[in-house]
Amino acid sequence: MHGRFRIVVLVCAILAAALPYAAHAQTAKAIVLAWDGTVSTFVDELVRQGKLPNLAKLIAGGAFADDVTPVFPSKTAPGFVSLMTGAPPRVTGISGNRVPREPRADYTILDSVDGFSGTPSLVEPIWAAAQRAGKNVIISHIPSFAAENSENTVRFYGYDMIAGRDGIVTPRSSKPEPATSWNELPASDAPALEISFGVAASRFFGLLIDDPTDEQIGYDTLLVTRSRSGEAIEVKLKSNTAGSTGELFWSGPVEVNTTGERRASVYFRLFELRGDGSDFFLYFTRPARAMVTPEHAVEGAGDTVRSFIGNGARIFYQQGSFGRTIPNGGSGSAEARYLETVRFAQHQLMETNRWALTHLSWDLFFAYTPFPDECEHLWRGYLDPDLSNYRKEVADRLRPFLEQVYKSSDDHLGLFLANRPVETIVAVISDHGMQAADKRFSINRLLQQQGLLVIDEQGRIDLSRTKVLYPSINNGYLLINSIDRKNGIVALDQRKELVRQVSELLREVRDGDQPVVKKVYDAEIHGAVMGIGGPAGGDIYVELVPGYDFDPRTTPDPLITQVEPYGTHGANPEQSSMRTLMLFHGPGIAAGRRLQNVR
């Protein structure tokens, strides 16, 4: 292994934990909790400050690495399939969150397929080996891949079951009107006001009332029903400002219809309701269908276990729909609302895992949370003092919110620690780190300027004249339009010269005096060592200077564009910002051991 502690060691450790433990007359178990997009340097700071007590406990009593090198590209799909197989993207065939479609003779460089459930891994995951050993496995929302064996496995598939978008209802979309056409109006100390709104294919009516049992003066309650009848109320919501106790003010799961009359569930939250009824702010989560295989595995489970949320309201926060954000001069209320949606999504994941831990039979338990990744994308750029537009006052106000996201993942870990059986190995892993960016490099614009990429009069890529493309799947690599691909034009004996030409062009790119491209890798030369390339991988891999990100568009934009700071990943995993963490705790794990050179 050339001195490298490879991920396959994790596989061996977990399998060992699932077999009878020699020193004890019982079978050991293993739990693997994956935190997506974990920045290990940030974790180190929070652990030192005592803000992640559960993680600190595992570090003190187990083996720990905080400079784990992920795969290239350092993205979620290739990262997780490599974590679960021990093989790099070149071998697994998962080279991004979307991947070039195969076979090459049937598809062009423009064609791609989902890198998760749409693409089978060419290497079996660890749980397949466990299944052959007769072990029972629970997989809780770990990214799934096509053609997986599910024998002896209970799998929660939340991310494959999303059936629509989340939404916001305000007076702009539904102005409160006198409730004149209702039957059996509920008691109210003020005239009831009606609103109406849609969720997926379902239609709802809302009733704003002044609840006589509530001491608050003015409108204080929203009742939700599918018909104008006070006898058919499904949800009763109280308005409350976003905060740490916000989960108490969410509805339970509410059934809605989606396309094809399929049933899904959503949750409601009333963030604001003015006493005079003139303004309100209602949020609902994405509709999600039932999410477990086999279905009988959750017999007796509550609705919260079955009803998936998965993510916070990131898009609404970015759009400013939750209010003005801190970087745009906001008070922090938008961040508080968004953070509450994050906590609630984490809470639902935790409730599913709590139930599965105590009600299902398992030897290996794999669980996933999308946090901190989702929030790192939003805020990492504002926290990096190396960016040219860094504002310390903004960073100081945003940092506590990001800390709370990490704390929620630490609480998730605490759930497993509190409910694990004795003789259980617990592992915490992550797929990649995160780096800040505030500039984008339009690599396709450069290729167009040099005649290597041609756009026709309709704005479409002309494959009959295009030699190389940075595809929209945005995986940090270029695809050569070679003759082994459908509609390809680059002969195999022309490849070497084309790679040389493209590499020189990229190395010459400047933003003022600043180089933009750090390194260029040819998959034919570097593929075996770096684990890149292969039939479903790229041809030319590009490493940008920190602070820059790729712009995959083919529109006539400037070569370099300044943008608002954000967090990104996918870069060469040798960069320190892409490093992440891994730790083990339990029987047979030496306490206090610091692991080096982990890949």
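When atom types are taken as modelled, the side chain of T466 and the backbone of D462 share a donor-acceptor pair closer than 3.5 angstrom. Between the E376 side chain and the T38 main chain, no donor and acceptor come within less than 3.5 Å of each other. Side-chain N or O atoms of N444 include one that pairs as donor or acceptor with a backbone N or O of P552 at under 3.5 Å. D549 places no side-chain N or O within 3.5 Å of a backbone atom of T568 that could act as its donor or acceptor partner. Of the possible donor and acceptor atoms, none in the side chain of T153 sits under 3.5 Å from a partner among the backbone N and O of R155. A side-chain donor-acceptor contact under 3.5 Å links S74 to the backbone of G570. With hydrogens and angles disregarded, no donor-acceptor distance shorter than 3.5 Å links the side chain of T341 to the backbone of G312.
N474 and R98 are not linked by any side-chain donor-acceptor pair at a separation below 3.5 angstrom, with hydrogens and angles left out of the test. In summary, the side chains of D431 and H569 do not present any donor paired with an acceptor at a separation below 3.5 Å, with no hydrogens or angles considered. In summary, the side chains of D36 and Y368 do present a donor paired with an acceptor at a separation below 3.5 Å, with no hydrogens or angles considered. One side chain, Q346 or T369, offers a donor N or O that lies under 3.5 Å from an acceptor on the other. One side chain, S140 or N353, offers a donor N or O that lies under 3.5 Å from an acceptor on the other. No hydrogens or angles considered: nothing links the side chains of E45 and T41 as a donor-acceptor pair under 3.5 Å. Between the side chains of E543 and Y521, at least one donor-acceptor pair of N or O atoms lies under 3.5 Å. Looking at N328 and T325, their side chains do bring a donor and an acceptor atom within 3.5 Å of each other. Side-chain contact annotation: Y548 with D438, donor-acceptor N/O pair under 3.5 Å absent.
Counting non-hydrogen atoms of neighbouring residues, nucleotides and ligands closer than 6.0 angstrom, the CZ atom of R399 exceeds 12 such neighbours. Within 6.0 Å of the CD atom in E457, the count of heavy atoms belonging to other residues, nucleotides or ligands does not exceed 12. Other residues, nucleotides and ligands contribute at most 12 non-hydrogen atoms within 6.0 Å of the CZ atom of R165. Crowding of K467 atom NZ: a count of heavy atoms from other residues, nucleotides or ligands under 6.0 Å not exceeding 12.
Salt-bridge annotation for D511 and K439: present, with a side-chain N of the basic residue lying under 4.0 Å from a carboxylate O of the acidic one. In this structure, E574 pairs ionically with R579, as a charged nitrogen and a carboxylate oxygen lie closer than 4.0 Å. A salt bridge is defined here as a Lys NZ or Arg NE, NH1 or NH2 lying under 4.0 Å from an Asp or Glu carboxylate O, and R485 with D111 fails to meet this definition. Ionic pairing of R507 and E504 is not present here: no N-O contact between side-chain nitrogen and carboxylate oxygen is shorter than 4.0 angstrom.
Scanning for ring-ring contact (aromatic ring centres under 6.0 Å, His included) contacts around F308 gives H141, Y159, with sequence neighbours left out. The ring-ring contact (aromatic ring centres under 6.0 Å, His included) test applied to Y470 returns F550, not counting sequence neighbours.
Geometrically, R90 does not engage F72 in a cation-pi contact defined by less than 6.0 Å to the ring centre and at most 45° from the axis. Judged by a 6.0 Å distance limit and a 45° cone about the ring axis, R314 is not positioned over the six-membered ring of Y317.
Side-chain contact between R101 and S112 is absent, with no heavy-atom pair separated by less than 4.5 Å.
Counting all heavy atoms, side chain and backbone alike, C375 lies closest to V405 at SG-CG2, 3.5 Å. S82 and A87 get closest at one heavy-atom pair: OG-O, 2.6 Å. The heavy-atom pair separating L478 from V542 by the smallest distance is CD1-CG2, 4.1 Å. Nearest heavy-atom pair, P515 versus V545, reported as atom, atom and distance to 0.1 Å: O-CG2, 3.3 Å.
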Next item on the list: Let me see the working for T580 and H432 under side chain to side chain contact (heavy atoms under 4.5 Å, CB included), right down to the final yes or no.
Entry: CA-CA 5 Å; T580 188; H432 55 73; 5.6 Å; no
Item checked: Full working for ring-ring contact (aromatic ring centres under 6.0 Å, His included) between Y382 and Y390 -> CA-CA 6 Å; Y382 293 104; Y390 172 74; 9.6 Å; no
Checklist line | Derivation and outcome, ring-ring contact (aromatic ring centres under 6.0 Å, His included), residues F366 and W127 | finding: CA-CA 9 Å; F366 295 88; W127 47 79; 5.2 Å; yes
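Applying the salt bridge (charged side-chain N to carboxylate O under 4.0 Å, His left out) test to every pair with at least one member in residues 551-572, sequence neighbours left out, gives these pairs: D551-R553, R553-D557.
From Q435, atom CD reaches atom CG of L387 across 9.5 Å, with rounding to the nearest 0.5 Å. We find the CD1-CG distance between I532 and N475 to be 12.5 Å, quoted to the nearest 0.5 Å.
Paired with Y338 under the rule ring pair (Phe, Tyr, Trp, His ring centres under 6.0 Å), one option of W379, F401, F322, F316 passes, and it is W379.
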